[in-house]
Each structure stands twice: as C-alpha cells, then as structure tokens.
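Chain A is the first sequence line, chain B the second, and so forth, proteins listed ahead of strands; every chain is numbered from 1.
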Amino acid sequence: MAIPDLQHPAKARVARLYWPAVGDYLPGVPELPEVEVLVRSLAPLLTGRTVSAVHVRRPKLLAPTSTRQLTRALVGGRFLGVARRGKYLLFTLQSLAQPAPLLVVGHLGMTGRMFLRPAGTPTTKHAVVVLKLGQEDFVFEDARGFGRFTLDTGALGKLGPEALGPEFTVPYFAQALKRSSQAVKVKLLDQSLVAGIGNIYASEALFRAGLSPRSPARRLKAEQVSRLWRAIREVLDEAIGWGSTVRLDYPGTARRDRLFYYGTVEGEFGTERLRVYDHADEPCPRCGTLIARVVQAARSTFFCPVCQRK
DNA sequence: CACCATGTTCCTTG
DNA sequence: CCAAGGAACATGGT
C-alpha cells in the first residue's frame with residue numbers, strides 16, 4: 001500500500017496542543033513517543049542534580065510507597081539518569097539511604113505532566129510531587145490522578161518487549177497474535193504483548209498498515225503481521241522525531257508548551273500529524289472516504305472503512 | 001446534570 | 001493456569 005505523504009497533507013491543518021496548559025485540557029494522552037520525548041528532555045535537566053526536599057501533595061499516586069518512604073529515599077539523593085520503559089519513566093538516583101542506585105517509577109496516566117520551573121513558583125492546583133533542586137523545582141502534576149510516582153517497580157515486570165526494541169521482532173509478534181481471538185486493535189493496547197502503544201498510535205499503525213482494527217488477531221496472515229510490525233515502528237519513530245524537533249519550552253505560561261501535537265483545531269502550533277485518530281466523519285487522507293469511529297473494549301477506534309477492509 | 005474520555009488494575013466468568 | 005470482558009479509579013469538558 002502506498003504510504004500517504006505525511007509531511008505535505010493535501011489539506012494542511014494546524015494542530016492543537018497535546019498537553020495544553022492547566023485549565024485548557026483537550027483529549028489526548030501520552031504514549032511511548034510522548035514519554036520518550038519527555039525523557040530525553042528531562043535527562044539533561046535532572047542528571048547530576050541533588051534533591052534537597054520533597055513535597056507530596058497527593059500521596060495516593062505514590063502507593064504503595066508512603067510519603068515518608070519516598071522522602072527518606074530521595075532527600076539528599078542525586079539523579080543519575082532518566083530512562084523509559086513502555087509508557088513509564090524511570091528515574092535513577094544515588095540515594096543517601098542505600099548504596100545501590102534507587103529507582104523511581106513514574107507514569108503520566110492520562111493527564112500527567114512533568115517539568116522544571118523556578119523555585120518559589122506557587123504550587124499548581126494539581127501538583128502531585130515537587131522535588132526541590134536548589135534554584136529549580138521538579139514538578140509532577142496530574143489533574144485526573146491516574147499517574148504514578150513510586151518506588152514500586154512491580155508494574156515493570158508485567159510489560160512485554162519494547163515496541164521499538166530489539167526483542168519486539170516479527171516472529172515474536174506473529175506468535176503472540178496467534179494466541180488471541182480478540183480484535184487486533186485490542187491486542188495492540190495490551191502492554192504485556194508489546195509495551196508503549198496506546199489508543200492513538202494503535203489506530204494510526206493499523207491505518208498505515210491498511211488493516212482492519214476488527215480483524216481477529218489470530219487471523220492475520222504472515223504478510224499482514226509484517227506490515228503491521230513495520231507500521232508500528234514507523235508511526236512511533238516518526239512521532240518521536242516530530243516531538244524532538246520541537247523546542248522544549250516547559251509550561252508556566254499558556255501557549256509555550258510545544259512538546260506534543262495532534263488534532264485539528266486551528267492555531268499556531270504546527271501541522272496536522274495524525275491521519276485517523278479523532279478524525280471521525282472527516283475524509284480519509286488516502287481515499288477520501290469518511291473515517292469511521294467504533295468502540296472496542298470501551299475505547300474509540302478510528303479507521304477508514306475502505307483502506308482498512310478485512 | 002449526566003455522561004464521556006482515558007491507562008491500568010482488579011475482579012469475575014468461562 | 002489463561003483469555004476475555006467489564007468495572008473501577010478521578011475529574012475536567014461537553
């Protein structure tokens with residue numbers, strides 16, 4: 001299937017902010033590419049910095065770690081690095097409390113954000129954790145509270161291979177899909193099968209591969225599995241590339257957070273990126289047929305009924 | 001005001 | 001034990 005030209009869409013539109021300023025929330029949730037871009041931007045800002053104090057505003061998001069445990073572990077600690085596993089952020093620190101490097105596991109949930117801001121800035125309404133780093137504060141805020149910031153690493157063990165990693169191979173993918181009668185779209189969201197894909201890029205990958213989201217996973221032919229595997233890597237790689245080419249301004253003022261893009265609202269934030277997600281009843285960029293929206297496993301799926309026949 | 005959106009976890013059912 | 005399906009969680013937006 002010919003891959004439509006993403007860089008020069010026939011009908012250029014302007015995107016809306018992926019993570020707008022607080023008080024201006026729009027649909028959209030961070031997946032692997034957004035977390036990767038965030039990790040790359042946070043790593044140089046945090047590495048080497050020492051935590052002088054910890055303020056916990058919403059202890060629930062640390063569970064099962066207590067405020068006291070997190071504080072004891074982090075105060076006096078020094079950041080060694082920031083990495084990513086699936087949609088999780090991994091912060092490693094040299095703690096005063098123990099000789100071995102300490103791992104803090106973060107997750108943005110649906111509305112989480114992490115950024116640095118000058119020390120002394122008033123705490124925002126949805127702040128979960130604030131780490132004092134001398135001249136600056138590292139802030140994790142989350143309006144809806146599905147995110148995490150914890151010493152508990154249990155969730156990591158349940159993750160399948162990284163979507164962009166060497167262990168996610170075509171043979172592995174084919175084997176994993178063969179075991180399920182569920183729709184392929186639903187399986188793409190299964191973090192134990194492959195880690196990092198969420199609702200947005202699942203629809204995008206299936207569109208790129210020209211496959212129906214409703215095909216039962218085990219019915220895909222070898223050639224279709226290969227195409228989907230390739231589409232997943234391309235879609236995620238491209239999204240990371242877009243994010244990392246954008247200047248990384250951290251929030252503080254509205255309209256300066258330019259990290260992530262998607263959507264169709266007119267604005268000054270860049271060019272439309274996504275081809276089917278949230279585009280119900282708009283023309284398919286490839287054939288012009290109206291994009292359909294269906295619900296699978298209680299999540300919206302967007303696809304072109306013509307380009308993505310069973 | 002009722003309902004929607006969403007990632008993850010937990011619970012139930014087969 | 002596993003696969004599948006659905007509820008629960010939380011809360012701003014519509």
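Heavy atoms of A:Arg179 sit under 4.0 angstrom from primed sugar atoms or phosphate atoms, though from no base atom. No contact: A:Arg218 has no heavy atom under 4.0 Å from any strand. The residue A:Ala155 sits close only to the backbone: its heavy atoms come under 4.0 Å of sugar-phosphate atoms, none of a base.
A donor-acceptor contact closer than 3.5 angstrom is absent between the side chains of A:Ser180 and A:Arg218.
If you take CD of A:Gln296 and P of C:dG5, they are 11 Å apart, rounded to a whole angstrom. Following rounding to the nearest Å, A:Arg58 (CZ) and C:dT11 (P) show an atom-to-atom distance of 5 Å. For the pair A:Leu189 CG and B:dT9 P, the interatomic distance rounds to 14 Å; values are reported in whole Å. Atom CD of A:Glu31 and atom P of B:dT8 are 9 Å apart (whole Å). When rounded to the nearest whole Å, the span between CG of A:Leu156 and P of B:dT8 equals 11 Å. Atom CG of A:Leu193 and atom P of B:dT8 are 14 Å apart (whole Å). Here the P atom of nucleotide C:dG5 and the NZ atom of A:Lys185 are 13 Å apart, to the nearest Å. Atom CG of A:Leu61 and atom C1' of B:dT8 are 12 Å apart (whole Å).
A 4.5 Å side-chain heavy-atom check between A:Leu45 and A:Phe138 finds every atom pair outside the cut-off.
Residue A:Arg49 places its CZ atom among more than 12 non-hydrogen atoms of other residues, nucleotides or ligands, all under 6.0 Å distant. Atom CZ of A:Arg233 sits in a crowded spot, with more than 12 heavy atoms from other residues, nucleotides or ligands closer than 6.0 Å.
Nearest nucleotide to the side chain of A:Arg293, out of C:dA3, B:dC10, B:dA5: B:dA5. Here the nucleotide nearest the side chain of A:Lys60, chosen from B:dA5, C:dG12, C:dA10, is C:dA10. For A:His107, taking side-chain heavy atoms from C-beta onward, the closest of the listed nucleotides B:dT8, B:dC10, C:dG5 is B:dT8. Among the nucleotides C:dG5, B:dC10, C:dC9, the one closest to any side-chain atom of A:Phe146 is C:dC9.
Proximity of A:Gln182 to the phosphate of C:dG5: a side-chain N or O atom is located under 4.0 Å from OP1 or OP2. Checking the phosphate oxygens (OP1, OP2) of C:dA3, no side-chain nitrogen or oxygen of A:Lys187 falls inside 4.0 Å. Contact check, A:Ser181 against C:dA3: no side-chain N or O comes under 4.0 Å of OP1 or OP2.
For A:Arg144 and B:dA5, a side-chain-to-base donor-acceptor distance below 3.5 Å is present, hydrogens and geometry of angles not being considered.
Residues A:Tyr172 and A:Trp229 share a hydrophobic cluster, clusters being chains of Ile/Leu/Val/Met/Phe/Trp/Tyr side chains in contact below 4.5 Å.
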